[in-house]
2 protein chains.
Amino acid sequence: MKNNLNHAYCPAIETMALIGGRWKVIILHVLSKQARRFGEINVRVPSISRKVLTEQLRELEADGLISRKQYKELPPRVEYALTEYGQSLCPLLAYMAAWHKEKV
Amino acid sequence: MKNNLNHAYCPAIETMALIGGRWKVIILHVLSKQARRFGEINVRVPSISRKVLTEQLRELEADGLISRKQYKELPPRVEYALTEYGQSLCPLLAYMAAWHKEKV
DNA sequence: AAAAGTGGTAACCTTAAAGTAACAAATGAA
DNA sequence: TTCATTTGTTACTTTAAGGTTACCACTTTT
């Protein structure tokens, strides 16, 4: 009989749930420089399909990391930007980048 | 004609490649406390199958984050531990945990 | 009149990841 | 003699993720 009380709880997991998606970190990185339109993100994130980009953006938005602002123009214009919450992730991304740079 | 030169390079991605796997962070977290045998990890990582645990451990080992030490005993005994390289990730995991704690 | 431009969506297909179950190997214990 | 133990592996199936193509809406440009 296994003892389930041994299960480890790792709080870092919660953060990974937000940024662990296949393209999330690149998207956040792109938006960290400046707000971008859908098409601009699409060009800057290599080889992502529009479908998947839409999905990832929706998830980031649902998690409160980015905002979506739609202008009433034609052809349509939609701008994505980091929220304050999303911006608070930047030091973490910088830490990750620095760790890699230092250790390799 | 799309301009491919717009592709963003995000160094944090490289780090994510190491710890972004479905179970990597939990495994690292478990091993950060102390070295563990295969079965001990299996119990502490909720609902992971032996097959997938093996795969993830092999990848972590190939990336140099953990070490695998096999004792010549029967029944077999194998112990996994963080390498020095793997230990250097701990502050990052702590950062991730702290960010989540503070922001939610 | 038709095409371009933008930000999607819907339907469908393929690929990658994960799960399941059975088996192995050597020894000691029942 | 058979079972239990431990760390896997192998073969097979299921699920999730991602890709592909076609299409829409509305206006301006060719």
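Reckoned from all heavy atoms, side chains included, excluding hydrogens, waters and symmetry mates. Residue numbers start from 1 in every chain, and the chains themselves are labelled A, B, ... in the order their sequence lines are given, proteins ahead of strands. This structure is a prediction, so every number in the text was calculated from the model and none was measured.
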Go through C/dG19, C/dG5, C/dG7 for me and flag the one nearest to the A/F38 side chain. C/dG7
Using a heavy-atom cut-off of under 4.0 Å over every strand shown, decide if B/Y80 touches base, sugar-phosphate, or nothing. sugar-phosphate
Per B/S49 side chain, nearest of listed nucleotides C/dT9, D/dT20, C/dG19: C/dG19
Can you measure A/E55 atom CD to D/dG18 atom P for me and round it to whole angstrom units? 7 Å
In whole Å, I'd like the distance from the NZ atom of B/K72 to the C1' atom of D/dT7. 17 Å
Counting only side-chain heavy atoms from C-beta out, which of C/dG8, C/dT27, C/dA18 sits nearest to A/V78? C/dG8
Greater than 12 external heavy atoms within 6.0 Å of A/E73's CD: yes
I want to verify a distance call: between D/dT9, C/dT6, C/dG8, whose nearest atom is closest to the A/R37 side chain? C/dT6
Separation of atom CG in A/L74 from atom C1' in D/dA25, rounded to whole Å: 7 Å
To the nearest 0.5 Å, what is the distance between CD1 on B/I48 and CD1 on B/I41? 9.0 Å
Can you check the A/Q70 CD to D/dA25 P distance for me, whole Å? 16 Å
Apply side-chain contact (heavy atoms from CB on, under 4.5 Å) to A/M96 and A/H100, showing your working. CA-CA 6 Å; A/M96 284 175 42; A/H100 173 257; over 6 Å; no
Rounded distance (Å) that lies between atom P of C/dT6 and atom CG of A/L57: 17 Å
Figure out the CH2/P separation between A/W23 and D/dA16, and round it to whole Å. 21 Å
Between the main-chain N or O of A/S88 and the side-chain N or O of B/W99, is there a donor-acceptor pair closer than 3.5 Å? yes
Among the nucleotides D/dT7, C/dG8, C/dT27, which one has an atom lying closest to any side-chain atom of B/R50? D/dT7
Without decimals, in angstroms, what is the distance between B/K51 NZ and D/dG8 C1'? 13 Å
Among C/dT9, D/dT20, D/dT7, the nucleotide that comes nearest once only the side chain of B/R68 is considered: D/dT7
Report the nucleotide, chosen from C/dA18, D/dC26, C/dT9, that has the shortest atom-to-atom distance to any side-chain atom of B/Q56. C/dA18
Separation of A/N42 atom CG from D/dG18 atom C1', in whole Å? 14 Å
Please find the pair of heavy atoms, one from B/I19 and one from B/K24, that lie closest to each other, and give the distance. O-CB, 3.6 Å
Closest to the side chain of A/P76, out of C/dT20, C/dT6, D/dT20, is C/dT6
Nearest-neighbour nucleotide for the A/R58 side chain, D/dT20, C/dT9, C/dT27 considered: C/dT9
